[in-house]
Protein chains: 2
Amino acid sequence: MPGSEYQDVRKLNLFSRMADENFASLMRGAYVQNFPAQMELITEGDPSDFFHIVISGSVDLFSSWNGRETSMATVRPVSTFILAATIKDAPYLMSARTLEKSRIALIPSQDVRAVFDADGNFARAIVTELAQGYRSVIRAQKDLKLRTSLERLANYLLRQQKHAGGGAVFELDFEKRRLASVLGMTPENLSRAFKSLQPYGVAVNGTRITIGNQADLEHFAKPNPLIDDHSS
Amino acid sequence: MPGSEYQDVRKLNLFSRMADENFASLMRGAYVQNFPAQMELITEGDPSDFFHIVISGSVDLFSSWNGRETSMATVRPVSTFILAATIKDAPYLMSARTLEKSRIALIPSQDVRAVFDADGNFARAIVTELAQGYRSVIRAQKDLKLRTSLERLANYLLRQQKHAGGGAVFELDFEKRRLASVLGMTPENLSRAFKSLQPYGVAVNGTRITIGNQADLEHFAKPNPLIDDHSS
DNA sequence: CGCAGATTTGACTAGACTCAAACTGTGTGG
DNA sequence: CCACACAGTTTGAGTCTAGTCAAATCTGCG
């Protein structure tokens with residue numbers, strides 16, 4: 001792994017406070033690979049042999065049941081996925097595939113568990129990471145159970161706008177079909193949902209969104225920090 | 001706190017391996033109280049001042065938005081809730097109320113964080129607990145996104161049947177209105193869903209369920225360990 | 001017995017999905 | 001450079017699922 005990537009990974013909250021030698025040991029055992037787009041990295045139900053770090057590109061976490069499939073989350077650089085399965089030494093609950101050409105580090109799960117036992121700072125960082133992840137999923141569940149798909153879309157747009165800097169014009173960071181799946185609806189329904197937001201000043205052109213009337217949209221979306229604030 | 005309760009709490013996975021003195025210290029600072037039914041213990045958005053342990057009774061975790069409310073989970077003895085908020089020192093994402101007369105221990109969150117920093121075994125237990133909780137919520141999310149309400153009910157019945165010992169006749173452990181909310185539907189819809197399961201051999205009498213044709217119901221429900229297995 | 005709350009039923013509406021067809025936009029080969 | 005192919009998106013029509021509102025029924029309990 002090149003030094004700049006090594007440093008990027010080292011800077012992650014998960015790794016930043018652990019002992020140098022423990023981090024080095026983890027990285028020594030890591031396999032760093034470039035994957036093409038649409039490559040299935042892990043399959044739900046498989047044993048969690050590796051902890052994954054996305055160095056570049058992006059990864060879709062998804063699940064299937066009875067012929068249906070849904071997108072659970074997207075992982076972007078530089079961050080990690082399936083920590084909980086690694087720690088519990090339990091089967092993956094989600095599958096993962098690359099959305100584009102991606103560079104991924106794979107760390108043997110047993111190495112992670114060994115260092116977890118040995119390095120208190122790493123263990124504490126894991127706790128913070130898991131607590132954060134747990135709260136994120138709770139927020140997602142509230143979003144799903146308390147809002148209609150139109151409300152979820154409106155709030156997603158406001159979150160994405162904020163994430164993109166707050167301007168009236170910004171880009172979606174999802175392909176629409178995947179956005180639909182993440183929001184828990186079909187692509188057709190998403191397309192109609194965008195139209196339904198036109199009266200609130202939302203204009204769509206490809207992946208470019210323009211929010212014409214911020215106050216109107218916010219009045220409809222009623223964003224709430226206990227659902228939409230992805231930092232706390 | 002009486003000695004028997006003290007021992008019950010001590011036996012929880014979360015506390016069983018920590019140093020005696022640290023456990024004693026946590027318990028010394030705890031407030032143990034009896035609450036009547038329908039008492040709101042915490043409100044979402046409030047700072048997470050206390051970590052909670054349900055010693056007897058039961059507690060409903062729920063969330064609200066824009067005048068709607070949904071039940072997120074039920075906590076039964078002896079177990080704990082809102083660990084993630086306590087650890088992150090962040091606002092509660094859910095509210096909690098007693099479902100019946102309940103005995104609850106409240107441990108100041110800062111005490112939990114202090115012992116977490118001092119006791120490696122406790123920190124590791126917290127990691128396991130959080131990883132478990134995280135995976136539970138992921139399963140719930142898959143249940144919500146991949147299944148219709150009828151399928152969720154069918155699978156809930158199979159889980160509950162297993163939990164109750166596996167016999168053809170068993171009791172719901174929820175009031176129906178709350179079960180509906182947990183499953184993400186209205187009480188009216190739940191009532192109709194039970195009727196729709198009659199062709200699969202499901203009979204309902206109050207909270208008493210009879211599964212007349214196990215194979216039929218399972219064929220319809222298609223239970224999946226990666227969604228329904230609440231132990232892994 | 002008679003409430004009060006919970007559940008069920010009925011009628012209707014709204015939200016969301018399915019299937020099929022039309023319409024992009026983009027990249028490729030002729 | 002254009003025509004085509006392909007994947008993604010949009011539109012249309014119809015259906016199904018789930019929610020709403022109101023009324024009827026049931027149930028536990030004082």
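Throughout, protein chains are lettered first and strands after them, A, B, ... in sequence-line order, and every chain is numbered starting at 1. Computed from a predicted model, the values in this text were never measured in an experiment.
Centroid-to-centroid, the aromatic rings of A:Y134 and B:Y134 stay 6.0 Å apart or farther.
When rounded to the nearest whole Å, the span between CG of A:L150 and P of C:dA16 equals 8 Å. Atom CD of A:Q38 and atom C1' of D:dC6 are 14 Å apart (whole Å). We find that CZ of B:R68 is positioned 12 Å from C1' of C:dG15, with the value rounded to whole Å. In this structure, NZ of B:K176 is placed 13 Å from P of D:dC26, rounded to the nearest angstrom. Between the CZ atom of B:F194 and the P atom of C:dA6 there is a distance of 17 Å, rounded to whole Å. Rounded to whole Å, the distance from CD1 on A:I209 to P on D:dT9 is 12 Å. A straight line from NZ of B:K145 to C1' of D:dT17 spans 18 Å, rounded to a whole angstrom. The CG-C1' distance, from A:L146 to C:dG15, rounds to 16 Å in whole Å.
At least one cation-pi condition fails for B:R103 and B:Y31: the charged atom is not both under 6.0 angstrom from the six-membered ring centre and inside a 45 degree cone around its axis. For A:K11 and A:Y6, the positive end is not near the middle of the six-membered ring at less than 6.0 Å and at most 45° from its axis. Note that A:R68 lies outside the cation-pi zone of A:F62, set by a 6.0 Å cut-off to the ring centre and a 45° limit from the axis.
The side chain of B:T148 contributes no N or O atom lying less than 4.0 Å from OP1 or OP2 of D:dT17.
Comparing B:E175 and A:R152 against DNA chain C, the residue whose closest nucleotide sits nearer the 5' end is B:E175.
Here the closest heavy-atom approach between residue B:P223 and residue B:N155 is recorded as CA-OD1, 3.1 Å.
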| request: Please step through salt bridge (Lys or Arg N to Asp or Glu O under 4.0 Å) for the pair B:K222 and B:E151, ending with a clear verdict. | output: CA-CA 8 Å; B:K222 296 182 170 49; B:E151 291 164 341; over 6 Å; no

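For residues 181-192 of chain A, proximity to DNA chain C is found at A:G184, A:M185, A:T186, A:E188, A:N189, A:R192, defined as any non-hydrogen atom under 4.0 angstrom from a strand atom.
Listed candidates were C:dT9, D:dT10, C:dT7. Nearest to the side chain of A:K195 is D:dT10.
Under the side chain to side chain donor-acceptor pair (under 3.5 Å) criterion, no residue pair touches residues 189-199 of chain B, with sequence neighbours excluded.
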